[in-house]
Amino acid sequence: MTDVVTAPEQNVRPWPALWALCLGFFMILVDSTIVSVAMPSIMADLKVDVNAALWVTSAYLLAYAVPLLITGRLGDRYGPKNLYLIGLVLFTASSAWCGLTGDINGLVTARVFQGLGAAMMTPQTMSVITRVFPATKRGQAMGMWGAVAGAAVLVGPILGGLLVNFGWEWIFFVNVPVGVVGFVLAWVLVPTLPTKSHRFDLIGVGLSGLGMFLVVFGIQEGQTYHWAAKIWTMIIAGLVVMALFVLWQRHIKQEPLVPLGLFKDRNFSVANAAITTVGFAITAMSFPIFLYAQLVLGLSPIRSALLLVPMAVISAVLAPFVGNLADRYHPRYIAGVGLACYPVSLVWLSQVMTADAAIWTLLLPMTLLGVANGFVWSPLSSTATRNLPMAEAGAGSGVYNTTRQIGAVLGSAAIAVLMESRLVANGLPSRAVEAHQLPASMHVDFAAAMGQSLLLPAGVITVGFVIVQFFRLPAHMGTASVPAAATAPVSVPVDVT
């Protein structure tokens, strides 16, 4: 058993620690978007069809989403710094493996390990923020976290478009030097925080892992298998297993994998529900926008990615400012601004996505999307984690990131189905979405179908706006004072074996 002894003379410097963690977080987010730009090159070089190539993305998403509950809890047990560093090593080594592989099976296998590395890293970033920043400053830290997310939205597609000129392998090789620098910075700047020795819930691990795999795989691959009976059987079985997991978590008295008591905090529950709608909308809206830009407007991958510049720049500029506001004002109002701007901008965009649209008419709603994005991440994440017990920070971060990722998978599956149905409704073949070029005679109907598809994420994010109206005023903003444990300086622990 490890005893933790604090060393008061070695105080944590929270901001350098956050900067170091954000480098790895940025790399994960870039890698989530960079691969889509290189997909045609991967298909041509490895001589595979679109269904086989889709596994390059699907394998990563599955390996990323399924273990998040477990890796968050592992961070509580073995330390968020340790889990982050192990995940970073795995992610970096797997990136090199991806670039060196010469066949689709090797690439998919390497992407699985890359996803596992990302799953180990992601919950630890929020966990460290929760544990080293006092509650009154946590919104500012989450603001920087949101700025990193906004920048990654822009960098991923553009960087992918540039690197693919040297070969698709370089979209993976670029992670290696970044990973090495990120490891050194995290090793030096991220503190070793106290851990909690406990029994590990192996039954909970098995049930959550199996349930998550069945649900995520079924949703992710439903369109590929035309939503056959076996897909629905898999999804229903996964939901049953997840229900058994919840019952088991209620039954186990000591050290559950997911302490259900976290959901007694209304703000934690509300933030998790809201971030699910955000994950859904952001993932869903990107598919029709990029397809419209490339197939109707004839833009190259790089030029289509440049449409995101207003959104990414505005989001990155606003995020730190919004983070400061999130520490001072009711999260219902701050998050509400972003979640209200989202549907307005998406409906606006759906109306101007025509076959002969001028680029500037698209950039205006994109700018409003940047405002929406900048006002969402910080208040949701800081409010979700503000009242978490320090010992449960990893578990709470794992739950929060899992719900976000599930929302993204749902958005990916739902928008694929809707786009296909809108194409058919507008008199086009459903396979038109897989075409590399469209005849001019199809442009009007294709643009209409993609614009109509944006109404789905607009509707879902509107539900998110309603959800955040149930936020409560955090204690430090009212008459109640913040508990001493939340505001006291954090010291670097010294592990004595």
Side-chain angles (χ1 to χ4, degrees), residues 11-29 68 71-76 79-85 87-88 118 120-152 182 185-186 189-195 262 265 267-268 271-272 275 319-327 331 334-335 376-404 474 476 482-483 485-493:
N11 291 328
V12 169
R13 294 184 299 161
W15 284 106
L18 178 59
W19 297 334
L21 291 172
C22 278
L23 180 61
F25 181 56
F26 179 82
M27 184 170 63
I28 292 172
L29 293 178
L68 280 172
T71 56
R73 197 60 169 160
L74 284 172
D76 287 335
K81 177 178 179 178
N82 294 332
L83 262 291
Y84 179 86
L85 291 175
L88 183 55
M120 296 177 73
M121 295 167 64
T122 300
Q124 316 316 325
T125 60
M126 285 185 63
S127 177
V128 170
I129 291 173
T130 302
R131 297 176 66 178
V132 303
F133 283 89
T136 54
K137 298 294 183 181
R138 208 166 292 154
Q140 296 178 43
M142 290 297 181
M144 180 178 175
W145 192 72
V148 169
L185 291 177
L189 299 175
V190 177
T192 301
L193 298 171
T195 58
L262 293 176
D265 175 18
N267 281 0
F268 180 79
N272 273 273
I275 199 62
F321 168 73
V322 173
N324 187 45
L325 293 179
D327 287 327
I334 307 301
V376 163
W377 294 99
S378 175
L380 289 183
S381 53
S382 61
T383 305
T385 58
R386 198 179 299 277
N387 295 329
L388 291 184
M390 294 298 104
E392 309 293 355
S397 299
V399 171
Y400 183 81
N401 282 284
T402 298
T403 57
R404 175 179 58 83
H476 78 279
V482 180
T487 56
V490 181
S491 298
V492 176

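Distance alone, capped at 3.5 Å, is enough to place a donor-acceptor pair between the Gln124 side chain and the Thr71 backbone. Judged by distance alone, the side chain of Thr383 and the main-chain N or O of Leu380 form no donor-acceptor pair under 3.5 Å. Remark: the backbone N or O of Pro123 is not paired with any side-chain donor or acceptor of Ser127 at under 3.5 angstrom. Between the side chain of Lys81 and the main chain of Pro191, no donor-acceptor pair closer than 3.5 Å is present.
In this structure, the separation between CG on Leu189 and CH2 on Trp19 is 9.0 Å, given to the nearest 0.5 Å. Rounding to the nearest 0.5 Å gives a distance of 7.5 Å between OG of Ser381 and CD1 of Ile275. Here the CG-CG distance, from Asp76 to Leu83, works out to 9.5 Å after rounding to the nearest 0.5 Å. Asn401 contributes atom CG, which lies 12.0 Å from atom CE of Met121 (distance to the nearest 0.5 angstrom). For the atom pair Ile129 CD1 and Ser382 OG, the distance stands at 9.5 Å (nearest 0.5 Å). The distance from atom OH of Tyr400 to atom CG of Leu68, rounded to the nearest 0.5 Å, is 13.0 Å.
Val399 places a side-chain heavy atom less than 4.5 Å from the side chain of Phe268.
Nearest heavy-atom pair, Tyr84 versus Ala186, reported as atom, atom and distance to 0.1 Å: CE2-CB, 3.7 Å. Considering every non-hydrogen atom in both Leu193 and Arg131, the closest pair reads CB-NH2, 3.6 Å. The two atoms that bring Leu88 and Gly182 nearest to each other are CD2-C, 3.5 Å, heavy atoms only.
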| query | What do the steps show when you test Phe133 against Val128 for side chain to side chain contact (heavy atoms under 4.5 Å, CB included), and what is the final call? | reply | CA-CA 8 Å; Phe133 283 89; Val128 170; over 6 Å; no
| said: Assess the residue pair Thr122 and Arg404 against the criterion (side chain to side chain contact (heavy atoms under 4.5 Å, CB included)); give the C-alpha distance rounded to whole Å, side-chain angles, the decisive distance to 0.1 Å, and a yes or no. | reply: CA-CA 12 Å; Thr122 300; Arg404 175 179 58 83; 3.8 Å; yes
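A donor-acceptor contact closer than 3.5 angstrom links the side chains of Thr403 and Asn272.
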